Novice: 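Structure in structure tokens, see below.
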Number of protein chains: 2
Amino acid sequence: MTLDSETKAVELPEHHGDELRLWLRLLTCTTLIEGEVRSRLRERFDVTLPRFDLMAQLDKVPEGMTLSDVSKRMMVSNGNVTGLVERLVESGHLDRRTSEADRRVQVIRLTKAGRAEFRKMAAEHELWIADMFGDLTPKDVRELMRLLAKTKASAQRSAKARAG
Amino acid sequence: MTLDSETKAVELPEHHGDELRLWLRLLTCTTLIEGEVRSRLRERFDVTLPRFDLMAQLDKVPEGMTLSDVSKRMMVSNGNVTGLVERLVESGHLDRRTSEADRRVQVIRLTKAGRAEFRKMAAEHELWIADMFGDLTPKDVRELMRLLAKTKASAQRSAKARAG
DNA sequence: CCAGATTTCTTTAGGTTTCAAGTAATTGGC
DNA sequence: GCCAATTACTTGAAACCTAAAGAAATCTGG
């Protein structure tokens, strides 16, 4: 077997192993951090991650959002949001009312108590995240931000091409 | 207000917003790609992502793995693996037997049919991933690999410190 | 050997998640 | 005005997932 044939064997058939390894590494990082956040939220505040995420979306918009807005922002299905909101209204964290202008629409907001509780959790959450990324230099952080933005755009282009 | 006090206001209270934004961006990328892979797997092969992931683990080890191994590698709970394996044995993709040496241990392997089906799916999957990361240059890929490795190590350090 | 600790896996309860189908309200074309 | 299409949300079925408790087998230090 010549060196040529070996080299060809590796390079010719469009070897995409690097991207696959990159994807697995990205997934590992996310799973690792997400699992840690999930554990700490349960341990410290007895709250689930999806509930925290939903409250985080609402905290940014005091006037409230529709269920569809939440669904899009969280990138989860509509049916999922329905159940999540139901439980958070039940527990008093969320306030929900039907829109006057369009009675299909449900507007949800954090209650006073819900907002207070979220702010407490968010403050600690931010420290956890800072600690988990703590070994990265400011330059690393900037560079990672840039590359992930590029990755997001690339994935969106690919997703659109399929759907399109 | 002097320039000094403004500068201090930003720098003193250990503002960790950058890391939080980085985390959200990381999560967005992963969710986006994962959702796309999930859709395509369902559409093309009528298979769920968790099943694909489990088969991917087993494909790497022809002699099979224990449930605990799978659980660790996939970073999911034991109980979760029990159910997943049950359904994949049911559908004929997996073979399962109790270890002779240690009767607590269940060893699972891909069946011939399961392996054949997985290989078909994996080949397309690799192309999807390559396309989704397609706008990144080889240098981008290398740099992202490096930064994610650093991120993983940092998160593990933080997780360990808590559990410690 | 043997009692206690550990390991491996299963079970249970409670949530989360998707997809698909269904209901209700609104919009747009005619 | 009226009907079809669209939009917003809910419901139902099945799968996925975790945490915690439990069962069975193995290991360990007397």
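Letters A, B, ... are given to chains in the order of the sequence lines, protein chains preceding strands, and every chain is numbered from 1. This one's a predicted model, so the numbers in the text were calculated from it and none came from an experiment.
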Novice: Taking only Lys NZ, Arg NE, NH1 and NH2, and the carboxylate oxygens of Asp or Glu, determine whether B:D131 and A:R157 approach each other closer than 4.0 Å.
Specialist: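 Looking at B:D131 and A:R157, the cut-off is met.
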
Novice: Please list residues of residues 26-36 of chain B whose heavy atoms come under 4.0 Å from any atom in DNA chain D, ordered by number; otherwise none.
Specialist: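 The stretch gives none, as no residue of it lies under 4.0 Å from the strand.
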
Novice: Can you check each nucleotide of nucleotides 9-15 of chain C against protein heavy atoms at under 4.0 Å and return B for base, S for sugar-phosphate only, - for none, in 5' to 3' order?
Specialist: BBB---S

Novice: Does any non-hydrogen side-chain atom of A:K152 lie less than 4.5 Å from one of B:R25?
Specialist: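 Answer no - side chains too far apart.
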
Novice: Considering just the side-chain nitrogens and oxygens of A:R103, establish if one lies under 4.0 Å of OP1 or OP2 belonging to C:dT26.
Specialist: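 So the side-chain polar atoms of A:R103 do come within 4.0 Å of the phosphate oxygens OP1 or OP2 of C:dT26, strictly under.
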
Novice: Begin from the C-alpha positions of B:M75 and A:T28 and carry the test side chain to side chain contact (heavy atoms under 4.5 Å, CB included) through to its verdict.
Specialist: CA-CA 9 Å; B:M75 297 195 278; A:T28 298; 3.8 Å; yes

Novice: For a 4.0 angstrom threshold against heavy atoms of chain A, report the outermost contacting nucleotides of DNA chain D in 5' to 3' order.
Specialist: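 Span of nucleotides near chain A: D:dT7 to D:dA19.
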
Novice: Would you say the side chain of A:F45 lies within less than 4.5 Å of the side chain of A:R40, judging by non-hydrogen atoms?
Specialist: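 Side chain of A:R40 against side chain of A:F45, heavy atoms only: no contact under 4.5 Å found.
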
Novice: Rounded to whole angstroms, how far apart are CG on A:L54 and P on C:dT17?
Specialist: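 Taking atom P of C:dT17 as the reference, CG of A:L54 is at 10 Å.
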
Novice: Take A:D59 and A:R119 through the test salt bridge (charged side-chain N to carboxylate O under 4.0 Å, His left out) and record every step on the way to the result.
Specialist: CA-CA 8 Å; A:D59 185 57; A:R119 290 286 170 84; 3.0 Å; yes

Novice: Can a side-chain donor-acceptor contact be found between A:S77 and A:N80 if the only test is distance below 3.5 angstrom?
Specialist: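 Their side chains do not contain a donor-acceptor pair, so the 3.5 Å distance test is not met.
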
Novice: Please work out if B:M75 contacts a base, only the sugar-phosphate, or nothing of the nucleic acid, heavy-atom cut-off 4.0 Å.
Specialist: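 If one applies the 4.0 Å heavy-atom cut-off, B:M75 turns out to touch the sugar-phosphate alone, with no base involved.
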
Novice: Taking B:K139 first and then B:E143, would you say they form a salt bridge - that is, a charged N and a carboxylate O separated by under 4.0 Å?
Specialist: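 No, B:K139 and B:E143 are not salt-bridged.
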
Novice: Do B:N78 and B:S71 get their side chains close enough for a donor-acceptor pair, meaning under 3.5 Å?
Specialist: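 Yes, side-chain donor-acceptor contact under 3.5 Å.
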
Novice: Select base, sugar-phosphate, or nothing to describe what B:R38 touches, counting heavy atoms under 4.0 Å on all strands.
Specialist: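 Since no nucleic acid heavy atom lies under 4.0 Å of B:R38, the category is nothing.
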
Novice: Within the 4.5 Å heavy-atom criterion, are A:L22 and B:L144 side-chain neighbours or not?
Specialist: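 The answer is yes; the side chains approach within 4.5 Å.
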
Novice: Find which nucleotide of DNA chain C each of A:M74 and A:D102 is nearest to by heavy atoms, and output the residue with the more 5' nucleotide.
Specialist: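 Closest to the 5' end, via its nearest nucleotide, is A:M74.
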
Novice: To the nearest Å, give me how far apart CD (B:E100) and C1' (C:dT8) are.
Specialist: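 After rounding, the reported distance stands at 17 Å.
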
Novice: Do B:L67 and B:V85 have side chains that get closer than 4.5 Å, going by heavy atoms?
Specialist: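 A side-chain contact under 4.5 Å exists here.
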
Novice: Looking just at side-chain N and O atoms, do A:D140 and A:T137 make a donor-acceptor pair shorter than 3.5 Å?
Specialist: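 The criterion, which ignores hydrogens and geometry beyond distance, is satisfied for A:T137 and A:D140.
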
